[in-house]
Protein chains: 2
Amino acid sequence: MLKIYGMPVSNNVNKVRYTANAVGLDYELIPVNLMEGEQRSEEFLKLNPVGKVPVIQDEDITIFESMAIARYLVNKTNSDLYPQDLKQRAVVDQWIDFSNIHVQGMLTRVLFNRLIAPMVGAEVDEDSLNFGLEMLEQYFPVLDNQLGVSTYLAGDNLTLADINLVAILDPAQAAGVDISGYQNLNKWFNSIKQQEFYQKCHTDYNEVLAQMQQ
Amino acid sequence: MLKIYGMPVSNNVNKVRYTANAVGLDYELIPVNLMEGEQRSEEFLKLNPVGKVPVIQDEDITIFESMAIARYLVNKTNSDLYPQDLKQRAVVDQWIDFSNIHVQGMLTRVLFNRLIAPMVGAEVDEDSLNFGLEMLEQYFPVLDNQLGVSTYLAGDNLTLADINLVAILDPAQAAGVDISGYQNLNKWFNSIKQQEFYQKCHTDYNEVLAQMQQ
């Protein structure tokens, strides 16, 4: 059976779990205790020399990087989540990379400084935090406009681009990033969280955080 | 004919130019003057609402995000640069995302603070610069080890993962990031710059920077 290494608090791990659920693949979630630095253990570095989750093992292959894994799972199952059509696929790839590199890159700065730094006693970098918030104010309207044009990011059907983005936005609220003013984005976000691939993991990601803080 | 919007100084634009060369597609390079902020003009934002280069137009489609474009070009031409085999493709995707998100993400911090900030009179963020340098010291050994295991990043053949990484590393020297101590990486880098897809653009990326500074 497919093995996914990681924890439900990692939104990169959730990209893979949501995708596995959406394509109907069973998996075993193998915990990696990020708080205790288990991702930097000698044993884990053999799986992923970069020392990050998620990693998967499937048949004879080990893969890291969440969206490389997600693409592998949809390719393996010939899922419509990643259209065969050349141009449709390009649009899906475009929104995956925009969300991953730009939106997640900036949200990570905010998350780190507002949520993780206080938790682990690291110094807050106000410049980095403010830069992140400023860039998100440029990026959210792009997503919001797109979700006014089509029901999902890449058209009228759910694709890997939506699964990727919902996982990216999961921790936004906890980091004090309010998307409710972006009406299309907010509507899409609340609606997509009702879908089975999401609900199989949790009703809401904030539950995962609440459990951690107990 | 394929239209690529951008400038040769942008390494994201070069990912697309190198790929077009490697798959044998002719293109027209349409200049976007980044120094004068043309990527934020009303006209350009109609092409790419994110205001970044590269963007391509091909037949009836417009795509942004460099590696979404590169994947489109190799899919369109059924190029071996992006293997059809499920597992081989996953390995290529893995190294693309690792290089793009982590290596380029950190190199961009260094580039910005050492090269661009002094050029445009922006404030240098020492914390960001140092964090970038520190993370690159973790990431380069991963690439160096991999290039000791196989000739190219994803095995014995050139793939999209190599084209992506060479473009990412092009401005490293100008940013004072020395990779010569990573012997496998350095050897691969110097050797790949001799290939035709690269030489069709320039003998060395530093020439492009030298021309800009004249």
Side-chain angles (χ1 to χ4, degrees), chain A residues 12 40 45 48-52 55-56 58-73 75-78 84-105 108-109 123 125-128 131 135 138-139 141-146 161, chain B residues 12 40 45 48-52 55-56 58-78 84-105 108-109 123 125-128 131 138-139 141-146 161:
Chain A
N12 289 319
R40 301 231 134 257
L45 290 173
N48 179 2
V50 185
K52 295 182 193 282
V55 180
I56 65 156
D58 187 47
E59 300 170 18
D60 60 343
I61 183 173
T62 304
I63 318 169
F64 55 90
E65 287 303 328
S66 57
M67 292 314 288
I69 299 170
R71 282 186 174 93
Y72 168 77
L73 298 180
N75 286 336
K76 181 175 173 156
T77 52
N78 284 313
Q84 295 295 332
D85 177 81
L86 175 68
K87 291 174 185 176
Q88 285 180 26
R89 180 167 287 201
V91 175
V92 173
D93 281 332
Q94 166 188 284
W95 289 113
I96 289 174
D97 277 4
F98 171 66
S99 305
N100 254 358
I101 298 171
H102 305 298
V103 181
Q104 187 169 8
T108 299
R109 291 179 181 239
E123 206 178 323
D125 182 339
E126 291 288 344
D127 286 343
S128 177
F131 183 68
M135 294 309 289
Q138 288 186 29
Y139 296 151
V142 173
L143 296 170
D144 193 54
N145 286 343
Q146 182 57 30
Chain B
N12 289 319
R40 302 232 134 257
L45 291 173
N48 179 2
V50 184
K52 294 181 194 284
V55 180
I56 64 155
D58 187 47
E59 300 170 19
D60 59 343
I61 184 172
T62 304
I63 317 170
F64 55 90
E65 287 302 329
S66 57
M67 293 312 290
I69 298 170
R71 283 185 174 93
Y72 168 77
L73 299 180
V74 292
N75 286 337
K76 180 174 174 158
T77 53
N78 283 313
Q84 295 294 332
D85 176 81
L86 175 68
K87 290 173 186 176
Q88 285 179 26
R89 180 166 286 201
V91 175
V92 174
D93 281 333
Q94 168 188 285
W95 290 113
I96 289 175
D97 277 5
F98 171 66
S99 305
N100 254 358
I101 298 171
H102 304 299
V103 181
Q104 187 169 8
T108 299
R109 289 178 181 240
E123 206 178 324
D125 182 339
E126 291 288 343
D127 286 344
S128 177
F131 183 67
Q138 288 186 29
Y139 297 151
V142 173
L143 296 170
D144 193 54
N145 286 341
Q146 181 57 30

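Below, chain A is the first sequence line, B the second, and so on; all start at residue 1. Values below: every heavy atom of this structure, side chains too, minus hydrogens, waters and symmetry copies.
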At a heavy-atom distance under 4.5 Å, which candidate from B/M67, B/E123, B/H102, B/E59 has the highest pair count against chain A?
B/H102

I'd like to know which of B/R109, B/Q146, B/Q104 tops the heavy-atom pair count under 4.5 Å against chain A.
B/R109

Check each atom of A/I61 against the heavy atoms of chain B and say whether the ones under 4.5 Å are side chain, backbone, both or neither.
side chain

Counting heavy-atom pairs closer than 4.5 Å to chain A, which one of B/I96, B/D97, B/D58 comes out on top?
B/D97

Could you walk me through whether A/Y72 and B/R89 satisfy the side-chain contact (heavy atoms from CB on, under 4.5 Å) test, starting with their C-alpha distance in whole Å, then the side-chain angles of each, then the deciding distance to 0.1 Å, before giving a yes or no?
CA-CA 8 Å; A/Y72 168 77; B/R89 180 166 286 201; over 6 Å; no

Give, as side chain, backbone, both or neither, the part of B/Y139 having an atom under 4.5 angstrom from any heavy atom of chain A.
side chain

What part of B/S66 lies closer than 4.5 angstrom to a heavy atom of chain A: side chain, backbone, both or neither?
neither

Which pair of non-hydrogen atoms, one from A/I63 and one from B/A90, has the smallest distance, and what is that distance?
CD1-CB, 3.6 Å

With a 4.5 angstrom heavy-atom cut-off, could you sort out which part of B/I101 is near chain A: side chain, backbone, both or neither?
side chain

Working to the nearest 0.5 Å, report the span between OG1 of A/T62 and NZ of B/K87.
10.5 Å

Closest approach of B/F64 to A/Q94 (non-hydrogen atoms, all atoms of both residues):
N-OE1, 3.0 Å

Choice from B/N145, B/D93, B/L86 maximising heavy atom contacts with chain A below 4.5 Å
B/L86

Whatever's closer than 4.5 Å to a heavy atom in chain B on A/N100 counts as side chain

